[in-house]
Amino acid sequence: MKKKLTNILHDTLDLCFREGYLSKAPLPEFVIEIPNNPDHGHFATNLAMILAGKQKNSPRNIAEIIIQHLLDPDHFILKAEIGGAGFINFFVTIERWYDLLSHVITLKDDYGRNNLGKKKKIMVEFVSANPTGPLHLGHGRGAALGDTLCRIFDFCGYDVSREFYINDTGQQIKTLGESIYSRWRQLSDPSYPFPSDGYQGDYIQELAIEIAQKTTLEGLDIHDAIDLLSELGKDKMLEEIKEDLAKFRVNFDCWYRESDLYSSGKIDDTIKLIKRKGMLFEKDGALWIRTSSFGDDKDRVIRKKDGSLTYFATDISYHLDKWERGFKRVINIWGADHHGYVTRVKAALMAEGIPEDWLDVLLIQLVKLWEGGAEVKMSKRSGRYVTLKELVDNVGVDAVRFVFLSKDHTSPLDFDIDLVKRRDSENPVYYVQYAHARICSIFRKAAIENISLPENPGSIYERLVLDEEIALIRKMAEFPSLIEEIARELAPHRLTYYLTEIAGNFHRYYNRHRIIGKNKYLSQARLLLSLGVKIVIKNGLSLLGLSAPEMM
RNA sequence: GCGCCCGUAGCUCAGCGGAUAGAGCGCCGGGCUUCGAACCCGUAGGUCGCAGGUUCGAAUCCUGCCGGGCGCACCA
């Protein structure tokens with residue numbers, strides 16, 4: 001609908017320029033908005049106000065000229081009025097609203113789909129938690145965001161790939177092995193020392209017991225034992241992470257192992273490549289990359305004095321590999337505590353001639369958990385933290401995802417577990433789903449009453465005359481452009497607000513008017529309207545990775 | 001000290017250049033003999049952190065300050 005109006009305005013401006021009604025000027029960026037105040041029409045634009053500066057004419061005069069020359073062959077606009085300082089308010093012909101509802105019903109699951117992406121290959125790398133411990137709430141927030149972005153990209157015609165990068169080499173994996181080893185020894189000798197930088201959580205002990213049952217550790221040299229435990233522990237953790245994510249409705253297309261960069265020789269190629277570009281130098285026995293030439297504060301070490309590579313080295317190699325795999329765009333989702341890392345990685349990529357905007361890094365802010373009116377303090381050091389699994393088991397996938405997705409990722413998020421746990425009323429999470437279930441229930445009732453939807457509704461739509469009914473259709477009309485904007489802005493939280501609004505509109509309408517009544521045609525018309533709402537809600541929920549229950 | 005993010009209703013957050021600043025929760029008061037009350041209706045609650053600037057117009061953009069969070073490793 002917005003697009004249609006945009007076209008009309010463009011055509012009209014062309015005409016005005018051509019015929020000299022307005023002095024020729026470059027087309028400004030104007031906005032078409034949906035006013036809150038019904039008096040301001042179905043749509044409004046600031047076009048005339050934007051134009052005013054260049055035209056040496058008042059906004060209201062320009063608006064008048066535009067309105068007089070509107071090119072509207074399809075009779076889309078019922079009337080156009082000038083409001084306020086020079087807004088043009090448009091009222092759409094009611095038949096066009098019926099057309100839209102009919103369109104929604106025809107397209108069903110595909111309503112809102114677009115071809116913004118044109119099959120372009122895009123990758124979202126997210127979660128990428130170290131396989132040294134269970135997923136926590138921050139990972140959950142990243143998982144929800146990443147997965148939903150992917151669902152939306154897919155809906156927008158991108159060829160999207162979900163990827164999880166596994167840091168399965170280096171010190172932390174060794175520390176994992178040492179931690180498990182120590183806990184295993186402690187089973188027989190409680191005084192056996194635990195490494196000072198070891199992983200504290202109870203899961204380490206559980207791992208130790210579980211592995212010891214299946215594997216013979218006795219008789220192994222301590223180093224061999226730790227190596228073995230590193231391997232087994234890491235695999236086990238990875239398995240759990242996979243399970244937890246699957247339960248959270250997040251499934252990856254690719255699990256990329258850091259260790260593969262070593263075994264495939266990619267990391268060596270990367271270093272050679274950087275060297276060829278003249279970006280490498282040696283200092284103090286270490287190997288450095290000149291990232292400072294590309295906006296970084298300082299140069300960075302990629303090979304330490306002891307000969308081992310830094311994680312930064314493999315990160316560069318990994319991202320070059322993403323580039324070589326042909327992704328046209330890559331989005332990384334990181335915890336906000338990694339923000340210092342962004343410039344560094346981008347600098348390294350730019351040194352290889354990769355454009356700066358190829359990679360987008362979304363930094364998600366902290367999640368705080370509240371229970372019983374107090375913050376649940378978490379610290380990885382002490383191993384005292386609430387895992388994603390615990391939270392999901394406690395309150396359900398839908399509720400957790402909804403809360404994570406209802407805030408912009410740049411805002412810190414307070415998760416009130418008491419509020420979300422409530423399955424009764426008062427929980428914002430169920431509001432949208434309830435509207436869906438309610439509509440399903442109405443259709444069950446309609447079936448019992450033998451009221452079916454007409455094959456060709458045609459004039460049936462004309463029974464929809466109430467302002468609230470047209471407002472509902474207008475709300476449905478917002479959906480496609482909203483999806484586009486969300487894909488562009490990477491802001492899926494807007495979808496939760498939209499769904500809450502359309503659900504609210506429907507609840508209000510439902511409470512005031514009967515869908516199924518004595519008049520068959522009116523009932524059918526309102527059922528069609530309800531069907532449209534149901535379709536939009538279901539499509540929206542599905543993009544958020546939430547279920548659309550038929551009964552609750 | 002430098003960099004990034006955040007200061008909007010009692011609480012949690014939307015809005016990010018436009019017409020009277022919104023929602024959920026919480027408070028108070030109403031609504032089920034008819035399609036699901038996990039719902040609806042109504043009341044109260046705001047110098048949009050502060051101060052300047054940009055413009056026809058600023059919660060929104062710019063600058064400075066104040067307050068909070070997070071980073072500034074040959075750590076992972």
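The sequence lines fix the lettering, A, B, ..., with proteins before strands; numbering per chain opens at 1.
Dashed line: the shortest gap from a side-chain N or O of A:Y341 to OP1 or OP2 of B:C72 is not under 4.0 Å. In this model, the phosphate group of B:G15 is approached by a side-chain N or O of A:H493 to a distance below 4.0 Å at OP1 or OP2. For the pair A:S411 and B:A14, the criterion of a side-chain N or O lying under 4.0 Å from OP1 or OP2 is met. Regarding contacts with the backbone of B:U34, every side-chain N or O of A:K445 stays at 4.0 angstrom or more from both OP1 and OP2. In this structure, A:K304 reaches the B:A76 phosphate: one of its side-chain N or O atoms is under 4.0 Å from OP1 or OP2. Contact annotation: A:Y434 side-chain N/O to B:A38 OP1/OP2 distance is under 4.0 Å. Listed pair A:Y431 / B:C40 meets the phosphate criterion, a side-chain N or O lying under 4.0 Å from OP1 or OP2. The side chain of A:R300 places no N or O atom within less than 4.0 Å of a non-bridging phosphate oxygen (OP1 or OP2) of B:A73.
Taking atom P on both B:U8 and B:U47, the two are 12 Å apart, rounded to the nearest angstrom. B:G29 and B:U43: their C1' atoms are spaced 7 Å apart (whole Å). Rounded to whole Å, the separation between the P atoms of B:C65 and B:C4 comes to 14 Å. Comparing the P positions of B:G49 and B:A59 gives a spacing of 10 Å, expressed to the nearest Å. Atom P of B:G22 sits at a distance of 32 Å from the matching atom of B:G69, rounded to the whole Å. A gap of 12 Å separates the C1' atoms of B:C27 and B:C11, to the nearest Å.
Checked against the 6.0 Å centroid criterion, the rings of A:H507 and A:Y431 qualify as a close aromatic pair.
Mapped onto RNA chain B by nearest heavy atom, A:D408 and A:G83 fall at different nucleotides, with A:D408 at the one closer to the 5' end. Nearer the 5' end of RNA chain B, as judged by each residue's closest nucleotide, is the contact made by A:T410, out of A:Q172 and A:T410.
Side-chain contact annotation: A:T169 with A:E258, donor-acceptor N/O pair under 3.5 Å present. Between the side chains of A:D306 and A:S308, a donor-acceptor pair is found at a separation under 3.5 Å. No hydrogens or angles considered: a donor-acceptor pair under 3.5 Å links the side chains of A:S292 and A:D299. Between A:S411 and A:D408, the side chains place no donor N or O within less than 3.5 Å of an acceptor N or O (distance only, hydrogens not considered). In the model, A:Y430 has no side-chain atom that pairs as donor or acceptor with a side-chain atom of A:D398 under 3.5 Å.
Across all strands shown, the partner of B:C50 is B:G64, judged by Watson-Crick or G-U wobble contacts whose two distances both fall under 3.5 Å. In this structure B:G1 sits in a base pair with B:C72, meeting the Watson-Crick or G-U test at under 3.5 Å. Across all strands shown, the partner of B:C13 is B:G22, judged by Watson-Crick or G-U wobble contacts whose two distances both fall under 3.5 Å. Both distances falling under 3.5 Å, in either a Watson-Crick or a G-U wobble arrangement, occur for no nucleotide opposite B:G45. Using N1 to N3 plus N6-O4 or O6-N4 for Watson-Crick, or N1-O2 and O6-N3 for G-U wobble, each under 3.5 Å, B:C27 pairs with nothing.
A cation-pi arrangement is found for A:R183 relative to A:F194, the charged atom lying closer than 6.0 Å to the ring centre and inside a 45° cone about the ring normal.
Side-chain to base pairing of A:H339 with B:G3: one donor and one acceptor N or O lie within less than 3.5 Å of each other. For a distance-only test at 3.5 Å, the side chain of A:N36 fails to qualify as a donor-acceptor partner of the base of B:A21. The base of B:G18 sits with one of its N or O atoms less than 3.5 Å from a complementary donor or acceptor on the side chain of A:N46.
If you check every strand for non-hydrogen atoms under 4.0 Å, A:L287 touches nothing. Contact annotation for A:A435: no contact, since no heavy-atom pair falls under 4.0 Å across all strands. Note on A:E489: nothing from the nucleic acid sits closer than 4.0 angstrom, heavy atoms only. Across all strands shown, A:K407 has heavy atoms under 4.0 Å from sugar-phosphate atoms exclusively, and none from any base. Base engagement by A:A437 is indicated by at least one non-hydrogen atom pair under 4.0 Å involving a base atom. Using a 4.0 Å heavy-atom cutoff across all strands shown, A:W370 reaches no nucleic acid atom at all. Among the heavy atoms of the strands, none lies under 4.0 Å from A:H409. Contact annotation for A:K283: base contact, defined as any heavy-atom pair under 4.0 Å involving a base atom.
In the set B:G18, B:G36, B:C74, the nucleotide with an atom closest to the side chain of A:M49 is B:G18. Distances were taken from every side-chain heavy atom of A:Y510 (C-beta onward) to each of B:C35, B:A76, B:C74; the shortest belongs to B:C35. Candidate nucleotides B:A76, B:C35, B:A19 were compared by shortest atom distance to the side chain of A:F87, and B:A19 ranks first. Of all nucleotides listed (B:C35, B:A38, B:A14), B:A14 comes nearest to the side chain of A:Y497. The side chain of A:I515 approaches B:C35 more closely than any other nucleotide in the set B:A73, B:C35, B:G36. Set against B:C40, B:C35, B:U12, the side chain of A:N511 has B:C40 as its closest nucleotide. In this structure, of B:C70, B:C39, B:A19, it is B:A19 that holds the atom nearest to the side chain of A:E33.
Contacts of residues 499-509 of chain A with RNA chain B (heavy atom under 4.0 Å): A:H507, A:R508.
Between the CD atom of A:E356 and the OG1 atom of A:T343 there is a distance of 9.5 Å, given to the nearest 0.5 Å.
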**Prompt:** Step by step, would you call A:Y318 with A:Y256 a ring-ring contact (aromatic ring centres under 6.0 Å, His included)?
**Reply:** CA-CA 9 Å; A:Y318 173 47; A:Y256 199 103; 4.9 Å; yes

**Message:** Would A:F43 and A:F91 count as a ring-ring contact (aromatic ring centres under 6.0 Å, His included) here? Give the steps.
**Reply:** CA-CA 7 Å; A:F43 296 100; A:F91 294 81; over 10 Å; no

